[in-house]
Amino acid sequence: MSKLNIEAELNGPQLQAVNTLEGPVLILAGAGSGKTRVITYRIARMLEKGIPQMAILALTFTNKAAREMETRVKDLTGKKLQNLTVSTFHSFGLKILREEAELLDLRKNFSVYDEVDRQSLIKESLRECHKASLKADLYVLGQIFSGIKTGLLDWRGNASEIADLSGRNDWEPVYEAYQQGLRVYNSVDFDDLLTLPLELFEKYPEVLESFRERFRYIMVDEFQDTSLVQYRLVKMLARGGGANSAGPRNICVVGDDDQSIYSWRGANYENILLFEKDFPGVTEIKLEQNYRSTTTILEAANGVISHNTRRKEKTLWSGRDGGKPIELFYPENESAEADFIASQIRHLSIMESRKYQDFGILTRTNSLARNIEEAFLAADIPYKVSGGTSFFQRREIKDILSYLRVIANPDDDVNLLRIINTPRRGIGRTTVAGLGDFAKRNHTSLWNALERLRYAQSGGQQGLFQDKHIHNDLEDFMNQIEFFRREILERKSAPGARWALSQKVRSLTDSIDYWSYLVAEHNRDEKKARWKFANIEYFIRMIENWEKDPDNLDAGLYPWLNRISLITRDDGEDDNEGKANIMTIHAAKGLEFPVVFIAGAEKDLIPHEKSLSEGGDEAGSVEEERRLFYVALTRAREKLYITSCQKRRKLRETLDRAPSPFLEEIPKHLVEYHKPETTGEDPAEADEIFARIMARLK
């Protein structure tokens, strides 16, 4: 790699960042400013200067980002990188613990517990402390334990907060039992991968010094997302703490305080200020040229984020002059909002020859996606959901869909296994295993195996299951499936009657008493059960709306199931048309799309009422919510639509909505209020649409 190549590829500030290798460096990299390029070129420059691979440590937040960084460096330099450490924080912590396990009373073959393992150990610890009867939420307890371990929570100082989270504040003995369990089982959890290296360095200064000598050049990506624990780890390695710290202090951190949106998981954007304090004489470099978005979009984003007071001043600019105005639309309700998004995507895909993967639909919470999913189903727009669970992947919806799929095809083993004991009907694992063995020996489906066993039993032969109760439970299950097969597939509704399928699905839900099952599954938390049951009601209304469509000539079970399967399938293939992207704003960070829709830009959603009520520091919470909106705006490359409903349904109420106050912060000259597109009745427009469709089919 030659110097000429680097200078040709980078702008002035980028080149300064790449060439400043000694001392502490703070790179403030705005959205779309080529941050990853700068990091990889900087590492390549170090290698070109003869700095050994093993002296370089680059830390980031995801395995994907680490792999991409390493691949780019390899492509730039053409070198093998066996000794270069490009890693996530947790992977680096694991590397330290593997090398020094004995000093922390761990055997080198220790295990790392994932979330499932952790919850199992918490459950065991509850039993140890005779608190199993409390029916504690294991996930919430895990979050509390994580807060205690990382220093975000204290048993006494945060007693009321812990009580608000979990209903009580006497979990300290359970935490101690959990910690003891980890030691007994020679295991660590994910928090330990960060906290134990800190403990190691504090107890054994000679070990810390050996790592300092090894890693003389440190880089940290997405610095605004580091937690206090991660910052402390980096600070110790880089000899931070004042001008008199001996030894090389070659550390470069890259981040953007305007994109710090993860305080809820411990991120502290003020680490940038701490860095300047702990590393005096820091060289600050701003990357403000955006290579992603139009001037219009960047001016809007700058206008919004400038209202935050707790930030490092910078102004993004673009060489892509102009750009289409931001379109703001105030639909009547969430259904009209979803229909608008679907119709715009269809219109742009035809008139501008855009592929579906060009569209990003961003929401503040995943629950807002279900109306959009329904509209995409109706419009035959393929899509995928990221940063949350697709409505059709929710457990309660999958349960009901599995019943319908078994009713349509009893030989569907996958879906039959899902529902054979849901809701619980006494058919346990041993029974299912025995049934599976019988089906395998006879080369048949599970349903056919059930029919054979029923026939054998009725003929007085020895059945597979001698327990009368098990036999009766299986018999009841089969009778229920057969009854609804007749109801849904065989019986015709009265002449002119509509919505037969939706009514029968509701009857099925009542027949299996799914409501009681939800209540029992959620420790009698009726609020959570009601929310999940409301999803089922919404699912039934979707079927009802589909049945009402006068163009729907066959409103039966098979067409409905085929429709769901075809639109929401995930076949892993990148077909030419791709899929539209529905995701939360948090999940969209780091991504970009030619066309972006921000849905639900309403007060109490953006900013979100829950974040403000739980944030403690109200001003800080508002500023983080504004940063989140800024991230959403800067995902768009060419075109941006923002929708804000006049009314929105919440549980069983329809509430008036007010626009997000952040909309007022977008400069007025950048916005135009959307007027719905014409629908093609104009002959000239109809001819143009037809010509474009035919051109795409050639």
Tell me yes or no: between the side chains of [X] and [Y], is some donor less than 3.5 Å from an acceptor?
{"X": "Gln224", "Y": "Glu222", "value": "yes"}
{"X": "Tyr231", "Y": "Asp278", "value": "yes"}
{"X": "Thr294", "Y": "Thr296", "value": "no"}
{"X": "Asn19", "Y": "Arg45", "value": "yes"}
{"X": "Asn11", "Y": "Tyr291", "value": "yes"}
{"X": "Ser318", "Y": "Asn290", "value": "no"}

Can a salt bridge be assigned to the pair [X] and [Y] using a cut-off of 4.0 Å between side-chain N and carboxylate O?
{"X": "Glu623", "Y": "Arg311", "answer": "no"}
{"X": "Lys314", "Y": "Asp258", "answer": "yes"}
{"X": "Glu202", "Y": "Arg232", "answer": "yes"}
{"X": "Lys108", "Y": "Glu102", "answer": "yes"}
{"X": "Arg249", "Y": "Glu22", "answer": "no"}
{"X": "Lys149", "Y": "Asp191", "answer": "no"}
{"X": "Asp225", "Y": "Lys589", "answer": "yes"}
{"X": "Lys203", "Y": "Glu199", "answer": "yes"}
{"X": "Arg239", "Y": "Glu213", "answer": "yes"}
{"X": "Arg67", "Y": "Glu70", "answer": "no"}

* Step by step, work out the side-chain contact (heavy atoms from CB on, under 4.5 Å) result for Ser91 and Asn63. => CA-CA 9 Å; Ser91 294; Asn63 290 314; 4.0 Å; yes

Between atom [atom1] of [X] and atom [atom2] of [Y], what is the distance when rounded to the nearest 0.5 Å?
{"X": "Leu153", "Y": "Ser146", "atom1": "CG", "atom2": "OG", "answer": "8.5 Å"}
{"X": "Lys79", "Y": "Leu81", "atom1": "NZ", "atom2": "CG", "answer": "9.0 Å"}
{"X": "Lys579", "Y": "Ile381", "atom1": "NZ", "atom2": "CD1", "answer": "14.0 Å"}
{"X": "Leu208", "Y": "Leu200", "atom1": "CG", "atom2": "CG", "answer": "8.5 Å"}
{"X": "Ile582", "Y": "Thr363", "atom1": "CD1", "atom2": "OG1", "answer": "8.5 Å"}
{"X": "Asn268", "Y": "Ser260", "atom1": "CG", "atom2": "OG", "answer": "7.5 Å"}

Would one find more than 12 heavy atoms of other residues, nucleotides or ligands at under 6.0 Å from atom [atom1] of [X]?
{"X": "Lys64", "atom1": "NZ", "value": "no"}
{"X": "Lys286", "atom1": "NZ", "value": "yes"}
{"X": "Arg637", "atom1": "CZ", "value": "yes"}

Are the side chains of [X] and [Y] in touch, meaning some heavy atoms are under 4.5 Å apart?
{"X": "Ile56", "Y": "Leu47", "answer": "yes"}
{"X": "Arg354", "Y": "Pro594", "answer": "yes"}
{"X": "Glu284", "Y": "Lys312", "answer": "yes"}
{"X": "Met69", "Y": "Thr60", "answer": "yes"}
{"X": "Val25", "Y": "Val253", "answer": "no"}
{"X": "Lys80", "Y": "Lys74", "answer": "no"}
{"X": "Thr150", "Y": "Leu194", "answer": "no"}
{"X": "Met583", "Y": "Arg635", "answer": "no"}

Measure from NZ or CZ of [X] to the centre of the six-membered ring of [Y] and say whether it is under 6.0 Å with the direction within 45° of the ring axis.
{"X": "Arg118", "Y": "Tyr139", "answer": "no"}
{"X": "Lys639", "Y": "Tyr641", "answer": "yes"}
{"X": "Arg214", "Y": "Phe211", "answer": "yes"}

Polar side-chain atom of [X] near backbone of [Y] as donor-acceptor pair, under 3.5 Å:
{"X": "Asp358", "Y": "Lys355", "value": "yes"}
{"X": "Glu665", "Y": "Gly303", "value": "no"}
{"X": "Tyr262", "Y": "His586", "value": "yes"}
{"X": "Glu327", "Y": "Val671", "value": "no"}

Restricting to non-hydrogen atoms, name the atom on [X] and the atom on [Y] that form the minimum distance, rounded to 0.1 Å.
{"X": "Gly30", "Y": "Asp256", "answer": "CA-OD2, 3.7 Å"}
{"X": "Gly600", "Y": "Leu605", "answer": "O-CB, 3.6 Å"}
{"X": "Glu299", "Y": "His669", "answer": "OE2-NE2, 2.9 Å"}
{"X": "Ile341", "Y": "Ala599", "answer": "CD1-CB, 4.1 Å"}

* Asked: Should the ring pair Phe89 and Phe61 be called parallel, tilted or perpendicular, given that the plane angle runs from 0 to 90° and is split at 30 and 60?
  -> tilted

* Give the ring-plane orientation class for His90 versus Phe190, where under 30° counts as parallel, over 60° as perpendicular and anything between as tilted. => tilted

* Could you tell me whether Phe223 and Phe275 have their ring centroids closer than 6.0 angstrom? => yes

* To do: Decide if the gap between the ring center of Phe359 and the ring center of Phe376 is smaller than 6.0 angstrom.
  => no

* **Verdict with reasoning, Ile285 to Leu26, per side-chain contact (heavy atoms from CB on, under 4.5 Å)** => CA-CA 6 Å; Ile285 301 167; Leu26 169 61; over 6 Å; no

* Under the ring-ring contact (aromatic ring centres under 6.0 Å, His included) rule, what do His307 and Phe662 come out as? Steps first, then yes or no, please. => CA-CA 9 Å; His307 288 76; Phe662 297 153; 8.9 Å; no

* Please assess Arg72 against Glu9 for the test salt bridge (charged side-chain N to carboxylate O under 4.0 Å, His left out), listing each intermediate value before the final yes or no. => CA-CA 14 Å; Arg72 287 201 192 186; Glu9 291 286 333; over 6 Å; no

* **Test side-chain contact (heavy atoms from CB on, under 4.5 Å) applied to Thr283 and Gln16, step by step** => CA-CA 10 Å; Thr283 300; Gln16 181 189 1; 4.2 Å; yes

* Take Asn271 and Thr226 through the side-chain hydrogen bond (donor to acceptor under 3.5 Å, both in side chains) test and state the conclusion after the steps. => CA-CA 7 Å; Asn271 282 349; Thr226 53; 2.9 Å; yes

* Test Phe110 against Ser187 for side-chain contact (heavy atoms from CB on, under 4.5 Å), laying out the working first. => CA-CA 5 Å; Phe110 65 84; Ser187 299; 6.0 Å; no

* CA sep, side-chain torsions, deciding dist, call: Glu638, Arg292, salt bridge (charged side-chain N to carboxylate O under 4.0 Å, His left out) -> CA-CA 8 Å; Glu638 301 166 21; Arg292 176 189 300 157; over 6 Å; no

